*Asks:* 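If you scroll down you'll find the structure; I have some questions about it.
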Amino acid sequence: MALTLLLPLAACSSNQSPSPTLAPHDPGCTVDFPHRETVETSDPGEVKYLNYIAVCSNETSGTISLQNYSEMVWAFSDSFRAPLITADERSPEVALFHSTFPSYYSTTYMVPGEIVTVNGADQSLSWAIHPDLSVAWTGSSFILKTFNDYGMDALDEIMAEGSPTHQAFWDCTHALYDTGAQVHKSLTTVDYDPLEQLKDGWDLSNSAGTCATSWKSAARESRQAKIPQWSAFTDDAYRALEPGAGLGTKMTGLKAAVQEMLPRICAALPKVC
């Protein structure tokens, strides 16, 4: 799943012309970035994904704002200088994920709900879905939901850098990403299955896997006060991975997107392929 925005902004078409009698900005945009831009593509398969990324511009400063309304992580190609992409204020969940996967770990990226500002409107900017980061994001969100359901003390603990629970989050999230690196050979084949990647990354059937070991270690140190039991987490995860359930549905959607947009993904993010 990839989109390409060719700058300068004059090459883009705005949805509506500004008028002093109307609102000071186009729908979905802000006063700082008032003009909604239409990103065009020659690939009909990309059109369904265009609405998930809001692209707004400030013609005076020559900058654009991108907001990710999808459920997937989008990475920017290495050909565009990373310092020209800056993030707006991040939610605790988004900030936690970025601290787990700094931009230099792979490439500059934006997660669901994130807003970034791009400078250098005279350059070509391209972005694509990142399969491995998307699986890691989906899994990390599920872990945070589990802790949120367990109570505010548990959620605060997982956010606290240096805590055993934070380490368990780090280990279990990285395990998902690392598993993806091992299945890249199947990314271009019908065998690619992010749902299996999630199962294998967490190693749900193995109580001695990396994620399980770190999780149970954190549970021992907190005496179960601020972390669910590993068995409870695996039960919840298995239920969520069933067809039609939350994780299962998201992984099915990710698989379809990757298969449909694979040529663009490989073009923008060759290291992934």
Side-chain angles (χ1 to χ4, degrees), residues 1-15 25-41 46 48-138 140-141 144 173 177 254 257 261 264-265 267-272:
M1 182 166 57
L3 304 176
T4 301
L5 178 65
L6 297 179
L7 306 177
L9 297 173
C12 301
S13 58
S14 180
N15 283 350
H25 55 80
D26 293 340
C29 296
T30 65
V31 173
D32 292 333
F33 296 92
H35 305 299
R36 185 68 178 262
E37 304 295 338
T38 299
V39 184
E40 297 182 354
T41 175
E46 291 183 347
K48 69 176 71 174
Y49 302 108
L50 291 178
N51 290 335
Y52 289 117
I53 306 295
V55 183
C56 301
S57 68
N58 183 318
E59 295 177 356
T60 301
S61 63
T63 57
I64 64 170
S65 171
L66 302 177
Q67 181 161 2
N68 182 3
Y69 285 105
S70 76
E71 294 184 330
M72 304 169 195
V73 177
W74 299 67
F76 297 94
S77 62
D78 291 334
S79 60
F80 192 86
R81 288 186 294 154
L84 297 179
I85 304 172
T86 57
D88 287 17
E89 184 176 354
R90 291 167 170 163
S91 68
E93 179 183 10
V94 172
L96 178 62
F97 189 82
H98 274 280
S99 69
T100 305
F101 292 98
S103 296
Y104 59 78
Y105 189 91
S106 170
T107 184
T108 306
Y109 61 87
M110 57 180 177
V111 303
E114 187 168 12
I115 304 174
V116 300
T117 299
V118 182
N119 297 289
D122 59 338
Q123 301 187 41
S124 176
L125 173 68
S126 63
W127 62 95
I129 185 176
H130 195 297
D132 302 335
L133 285 176
S134 294
V135 172
W137 165 264
T138 302
S140 72
S141 297
L144 286 180
T173 303
Y177 183 93
L254 175 61
M261 308 309 298
R264 290 287 233 155
I265 293 173
L269 309 172
K271 294 180 182 179
V272 172

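Note that this is a predicted model, so its numbers are computed, not measured.
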*Asks:* Supply the atom-to-atom distance S57 OG to E37 CD, rounded to the nearest 0.5 angstrom.
*Replies:*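 The OG atom of S57 sits 3.5 Å away from the CD atom of E37.
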*Asks:* Is any side-chain heavy atom of R90 less than 4.5 Å from a side-chain heavy atom of E114?
*Replies:*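 Of all side-chain heavy-atom pairs linking E114 with R90, at least one is under 4.5 Å.
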*Asks:* The test is side-chain contact (heavy atoms from CB on, under 4.5 Å); show your working for F33 and T117 and say whether it passes.
*Replies:* CA-CA 10 Å; F33 296 92; T117 299; 3.7 Å; yes
*Asks:* Output yes when a side-chain donor or acceptor of S70 lies under 3.5 Å from a complementary backbone atom of M72, and no otherwise.
*Replies:*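 Flag set: sc S70 to bb M72 pair under 3.5 Å.
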*Asks:* Below 4.5 Å, heavy atoms only, C-beta onward: do Y177 and V135 meet side chain to side chain?
*Replies:*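 No - every pair of side-chain heavy atoms lies 4.5 Å or more apart.
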*Asks:* Do I265 and I129 make a side-chain contact, defined as non-hydrogen atoms from C-beta onward lying under 4.5 Å apart?
*Replies:*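 I265 reaches I129 side chain to side chain.
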*Asks:* Are the side chain of S134 and the backbone of V73 linked by a donor-acceptor contact shorter than 3.5 Å?
*Replies:*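 Checking the backbone N and O of V73 against the side chain of S134, a donor-acceptor pair under 3.5 Å is found.
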*Asks:* Is there side-chain contact between V111 and H98, with heavy atoms separated by less than 4.5 Å?
*Replies:*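 Yes. Closest side-chain heavy atoms under 4.5 Å.
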*Asks:* Go through the side-chain N and O atoms of D78 and T107 and say whether any donor and acceptor fall under 3.5 Å apart.
*Replies:*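 Distance-only check passes for D78 and T107.
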*Asks:* How many angstroms lie between OG1 in T138 and CG in L133, if you round to the nearest 0.5 Å?
*Replies:*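 The OG1 atom of T138 sits 10.5 Å away from the CG atom of L133.
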*Asks:* Side-chain contact test, heavy atoms from C-beta onward, threshold under 4.5 Å: evaluate it for S140 versus F97 and give yes or no.
*Replies:*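 Of all side-chain heavy-atom pairs linking F97 with S140, at least one is under 4.5 Å.
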*Asks:* Determine whether the aromatic ring centres of residues Y109 and W74 are separated by less than 6.0 angstrom.
*Replies:*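 Ring centroids of W74 and Y109 are no less than 6.0 Å from each other.
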*Asks:* Could you check whether any side-chain N or O of N119 sits under 3.5 Å from a backbone N or O of T63, counting only pairs where one atom can act as donor and the other as acceptor?
*Replies:*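 Not at all, since once roles are kept as given, no pair shorter than 3.5 Å links the two residues.
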*Asks:* Side-chain contact, heavy-atom cut-off 4.5 Å: W137 with E93?
*Replies:*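 Of all side-chain heavy-atom pairs linking E93 with W137, at least one is under 4.5 Å.
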*Asks:* Could you report the tightest heavy-atom contact between I53 and M110, atom names first, then the distance?
*Replies:*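 Where I53 meets M110 most closely, the heavy atoms are CD1-CE, 3.9 Å.
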*Asks:* If we ignore hydrogens and angles and just use 3.5 Å, is the side chain of D88 paired with the main-chain N or O of V116 as donor and acceptor?
*Replies:*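 Pair absent, no side-chain N/O of D88 close to backbone of V116.
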*Asks:* Would F76 and L66 count as a side-chain contact (heavy atoms from CB on, under 4.5 Å) if you check the C-alpha gap in whole Å, the side-chain angles of each, and the deciding distance to 0.1 Å?
*Replies:* CA-CA 12 Å; F76 297 94; L66 302 177; 3.6 Å; yes
*Asks:* Heavy atoms only: give me the nearest N58-D32 pair and the separation to one decimal.
*Replies:*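 N58 and D32 have their closest heavy atoms at ND2-O, 2.8 Å.
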*Asks:* Does atom CD (E71) have a neighbourhood of more than 12 heavy atoms from anything else shown, all under 6.0 Å?
*Replies:*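 12 or below, so no.
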*Asks:* Could you measure the distance from the CD1 atom of I115 to the CG atom of N68? Nearest 0.5 Å is fine.
*Replies:*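 Reported value, rounded in 0.5 Å steps: 10.0 Å.
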*Asks:* Is V118 close to T86 at the side-chain level, that is, under 4.5 Å between some pair of heavy atoms?
*Replies:*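 No - every pair of side-chain heavy atoms lies 4.5 Å or more apart.
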*Asks:* Quick one, F80 and I85 - any side-chain contact, counting heavy atoms below 4.5 Å?
*Replies:*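 In short, these two side chains touch, coming nearer than 4.5 Å.
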*Asks:* Ignoring hydrogens, what is the shortest heavy-atom contact between P131 and V272? Give both atom names and the distance.
*Replies:*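 So the minimum-distance heavy-atom pair works out to CD-CG1, 3.7 Å.
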*Asks:* Set out, in order, the CA-CA distance, both residues' side-chain angles and the distance that settles side chain to side chain donor-acceptor pair (under 3.5 Å) for S126 and S77, then state yes or no.
*Replies:* CA-CA 6 Å; S126 63; S77 62; 2.8 Å; yes
